[in-house]
Amino acid sequence: MRPARATALAVAGAAALAAGALGACGGGSDSGSGDGDVTWAISSGWDSWNPNTSEGNNSYLNQVLTPGAASFGDFNPDGDFVFNDAVLSKLPELTSEAPLTVDYTLNENAQWSDGEPIRAEDFTYIWYQMSGNADYCNQDQCAPATTDWGANVASIAEADGVVTVTYIDGYLNPEWQFAFPNLMPSHIIESNGFENWQTDPAQMGASADWLGTTAPTWSAGPYTPTDAAVGDYLIYEPNDNYQGSVDPGLDKLTLRVVEGTDAIVTALRNGEIDGSWPSEFSQEELDKLDGDDAIATEVYEGNVWIHIDTNTKNPLLSDQVLRQAVFAAIDNQELIDRAYPDTEVAPRTNHFFSQTSQFHEDFLSQTDPQQGSGDADAANAALAAAGYTTGETLTTPDGDAVTLNFRYGEGDATRTLIGEVVQSQLAEIGIEVKLNAIPDGQLGPVLSEADFDLVVYGWSGTPAFTTAPYQYFGSTSGSNFGGYALDGLDEAIAKVTSTTSLEEAAGFANDVEAMVMPAAFTLPLFDEPQSTVFNQNLLSGVTPNGNSQSGPLWDVQNWKPA
């Protein structure tokens with residue numbers, strides 16, 4: 001919920017988003033046959049074509065758009081930011097800190113697939129859509145996933161092939177180098193009836209709606225879309241006007257939805273697909289590929305972490321005591337032991353930093369009652385002290401029984417298991433949990449409409465962190481699906497982007513964490529192991545990448561027939 005890729009994307013698992021929504025018999029593949037015609041499975045659907053809205057901000061849409069995206073770059077497997085030489089001629093440059101000013105030097109031939117040049121208006125369009133400013137765009141239609149970046153832009157101008165982005169006075173960001181979203185082709189938007197988007201906020205909003213319902217036919221990446229169906233597939237062929245330094249090596253690339261790791265493994269073994277980055281890690285399913293020398297299986301750490309969110313718009317869950325008790329009754333270690341037996345997966349204890357980060361601090365163990373501990377007695381004691389009646393049925397001080405609706409990705413075994421175990425754990429403190437699966441491709445609408453009491457899904461991130469505090473917890477963030485708010489929280493979040501020092505920004509992010517963790521808005525569970533599987537007899541150049549929200553598609557221009 002997944003910019004050049006600093007914004008996090010929601011991942012539901014095999015069912016949707018990822019918020020973000022998130023195979024061949026050893027000898028050959030009906031889909032690829034090593035002849036340059038490749039089919040790659042995306043493990044869930046998407047409901048919108050506009051990745052910059054709260055509804056479209058999911059991992060699965062991000063993946064299917066990657067081969068044609070006009071991005072400024074991505075993080076490589078080592079965590080280093082690599083610029084996209086099809087769009088830029090060099091890394092972005094910081095030219096001033098007061099105000100923060102960044103220069104983007106365009107590749108002199110940077111262009112869209114129809115031959116039209118990439119221009120400053122393409123930058124401005126994204127700024128307007130993600131500004132959160134009604135003077136630029138009708139916000140009901142633009143509905144940005146986050147305004148943390150766009151609200152802080154003051155101006156965009158171009159001179160001699162250099163686009164200069166100037167930010168408002170006082171705004172600083174140590175991650176300025178990759179804090180710009182992927183571009184959109186403003187000339188195509190204008191040619192489809194929105195020629196006044198720069199001066200008419202209503203027309204700008206209507207154009208954002210149009211992008212959400214219109215499958216892309218344009219590209220600035222190695223491949224150009226030729227056919228598509230929302231939530232189902234996107235077919236690419238080489239972009240004849242691609243300006244990158246590596247020529248695309250495939251004749252045709254089909255990205256289509258195959259739900260669930262079990263279905264992905266079966267499709268790979270049967271030759272229906274050539275590879276995939278499953279959103280659900282299943283060692284049991286991966287073991288079925290053992291002994292097949294044609295199939296490469298990579299398992300690695302990534303930046304997808306799973307969490308349970310509350311909806312504070314629900315009158316019951318507007319009570320912090322109840323939220324704290326719910327999270328205390330959930331035994332995170334049991335969830336991990338059931339989902340990933342005999343692994344080194346550990347509970348996550350910070351919303352912004354994993355335990356491998358130099359900036360990690362454990363705030364979870366400091367909560368009282370301790371969240372994720374499974375301590376039903378402590379949860380009941382806190383509830384009783386607040387006037388709840390505990391026992392077989394938990395009732396509020398007003399005498400209402402506590403019943404909660406739990407949403408999870410349909411078809412995702414891990415999310416389903418979490419729902420079932422949480423249902424059992426919360427029964428221990430008298431809470432009835434009703435399980436309600438999220439259909440494939442519907443995580444975006446479920447989250448944006450706050451159609452849940454409790455929901456489990458994943459955020460797909462990158463090594464960048466400065467946008468996360470606002471995206472998750474900012475009171476006006478389009479990704480603050482649960483309506484979280486605390487006195488002073490927005491002010492604390494603003495400090496994260498008040499410095500160009502990573503260390504100082506991380507300290508401010510942990511100050512935010514010290515506020516939100518005790519409030520029990522969202523319970524971090526664990527960092528999910530990642531896997532990439534593909535038929536290496538048919539496809540080469542695939543590089544799994546745990547630091548990119550595009551996964552192995554991050555450098556799809558390097559894919560070639562084996």
Side-chain angles (χ1 to χ4, degrees), residues 1-2 5-11 13 18-20 22 59 74-81 174-175 178 277 279-281 298-309 327 330 332-333 335-337 339-340 343-367 370-373 414-415 418 456-473 479 496 502-517 521-532 544-551 554:
M1 166 58 170
R2 204 199 294 23
R5 307 240 202 306
T7 299
L9 303 177
V11 186
L22 199 299
S59 175
D74 205 345
F75 293 93
N76 67 18
D78 294 326
D80 300 320
F81 185 73
E175 296 174 342
F178 35 83
W277 173 34
S279 62
E280 173 205 4
F281 179 82
E298 302 281 350
V299 177
Y300 51 97
E301 293 183 1
N303 281 289
V304 177
W305 61 282
I306 311 304
H307 50 99
I308 295 173
D309 288 7
F327 284 178
I330 294 173
N332 192 8
Q333 190 60 56
L335 298 178
I336 293 171
D337 292 343
Y340 305 112
T343 69
E344 298 180 359
V345 175
R348 184 170 175 123
T349 60
N350 189 302
H351 291 92
F352 310 130
F353 304 111
S354 70
Q355 293 188 31
T356 61
S357 170
Q358 61 178 316
F359 304 126
H360 173 265
E361 293 184 40
D362 178 358
F363 287 90
L364 190 69
S365 63
Q366 302 176 35
T367 54
Q370 186 172 332
Q371 299 173 29
S373 65
T414 300
R415 279 31 163 213
I418 289 172
V456 60
Y457 65 102
W459 281 120
S460 171
T462 71
F465 69 86
T466 57
T467 62
Y470 175 80
Q471 187 177 358
Y472 301 162
F473 300 112
S479 300
V496 179
L502 273 177
E503 290 75 14
E504 191 172 14
F508 288 138
N510 277 323
D511 290 343
V512 172
E513 183 72 349
M515 298 177 69
V516 298
M517 187 70 85
F521 292 140
T522 172
L523 176 65
L525 297 179
F526 49 81
D527 295 294
E528 190 168 40
Q530 301 299 298
S531 64
T532 293
N545 186 352
N547 291 316
S548 170
Q549 292 174 329
S550 298
W554 78 286

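Along the sequence shown, residues are numbered consecutively beginning with 1. Side chains are part of it too, since the values below use all heavy atoms of this structure and drop only hydrogens, waters and symmetry mates. In this text the structure is predicted, and so the values were computed from the model without any measurement.
- Residues passing the ring-ring contact (aromatic ring centres under 6.0 Å, His included) test with Phe352: none are found, sequence neighbours excluded.
- A side-chain donor-acceptor contact under 3.5 Å links Glu175 to the backbone of Thr466.
- When every heavy atom of Ala346 is checked against every heavy atom of Gln355, the shortest pair comes out as CB-NE2, 4.3 Å.
- The side-chain hydrogen bond (donor to acceptor under 3.5 Å, both in side chains) check on Thr532 picks up Tyr300, with sequence neighbours excluded.
- Put simply, the side chain of Trp305 does not reach to within 4.5 Å of the side chain of Ser354, judged on heavy atoms.
- The side chain to side chain contact (heavy atoms under 4.5 Å, CB included) check on Glu301 picks up Thr356, with sequence neighbours excluded.
- Phe473 pairs by the ring-ring contact (aromatic ring centres under 6.0 Å, His included) definition with His351, not counting sequence neighbours.
- Applying the ring-ring contact (aromatic ring centres under 6.0 Å, His included) criterion to Phe521, with sequence neighbours excluded, gives Tyr484.
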Does the side-chain contact (heavy atoms from CB on, under 4.5 Å) test come out yes or no for Phe281 and Val299, once each step is laid out? CA-CA 9 Å; Phe281 179 82; Val299 177; 3.6 Å; yes
Would Leu335 and Ile330 count as a side-chain contact (heavy atoms from CB on, under 4.5 Å) if you check the C-alpha gap in whole Å, the side-chain angles of each, and the deciding distance to 0.1 Å? CA-CA 9 Å; Leu335 298 178; Ile330 294 173; 4.0 Å; yes
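- Residues Glu503 and Phe359 have side chains in contact (heavy-atom distance under 4.5 Å, counting atoms from C-beta outward).
- Partners of Asp309 by side-chain hydrogen bond (donor to acceptor under 3.5 Å, both in side chains), not counting sequence neighbours, listed by chain and number: His307, Tyr457, Thr522.
- Note that the CZ atom of Phe75 and the CZ atom of Phe178 stand 3.5 Å from one another [nearest 0.5 Å].
- Side-chain contact between Pro174 and Glu504: absent, with no pair of heavy atoms (C-beta onward) separated by less than 4.5 Å.
- Here the closest non-hydrogen pair linking Glu528 and Glu280 is OE2-CA, 4.1 Å.
- With sequence neighbours excluded, no residue satisfies side-chain hydrogen bond (donor to acceptor under 3.5 Å, both in side chains) with Asn76.
- Residues that satisfy the side-chain hydrogen bond (donor to acceptor under 3.5 Å, both in side chains) test with Tyr472, not counting sequence neighbours, are absent from this structure.
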I would like to know whether Leu523 and Asn332 meet side-chain contact (heavy atoms from CB on, under 4.5 Å); could you show each step before the answer? CA-CA 9 Å; Leu523 176 65; Asn332 192 8; 5.6 Å; no
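- Screening residues 348-359 for salt bridge (Lys or Arg N to Asp or Glu O under 4.0 Å), with sequence neighbours left out, gives Arg348-Asp527.
- Listed by chain and number, the residues in a ring-ring contact (aromatic ring centres under 6.0 Å, His included) with Phe363 amount to none (sequence neighbours excluded).
- The distance from the OG1 atom of Thr462 to the CZ atom of Phe465 is 10.5 Å, given to the nearest 0.5 Å.
- For Glu344, there are no side chain to side chain contact (heavy atoms under 4.5 Å, CB included) partners, not counting sequence neighbours.
- The main-chain N or O of Leu364 is found under 3.5 Å from a side-chain atom of Thr367 such that the two form a donor-acceptor pair.
- Here the CG-NE2 distance, from Asn350 to His360, works out to 5.5 Å after rounding to the nearest 0.5 Å.
- No donor-acceptor pair under 3.5 Å is formed between the side chain of Glu513 and the backbone N or O of Ala509.
- The closest side-chain heavy-atom distance from Thr414 to Tyr340 is below 4.5 Å.
- With hydrogens and angles ignored, the 3.5 Å screen pairs no side-chain donor or acceptor of Asn545 with any backbone N or O of Ser550.
- Within the 4.5 Å cutoff, the side chain of Trp277 has heavy atoms near those of the Gln530 side chain.
- Separating the CD1 atom in Ile418 from the CD1 atom in Ile336 is a distance of 9.0 Å, to the nearest 0.5 Å.
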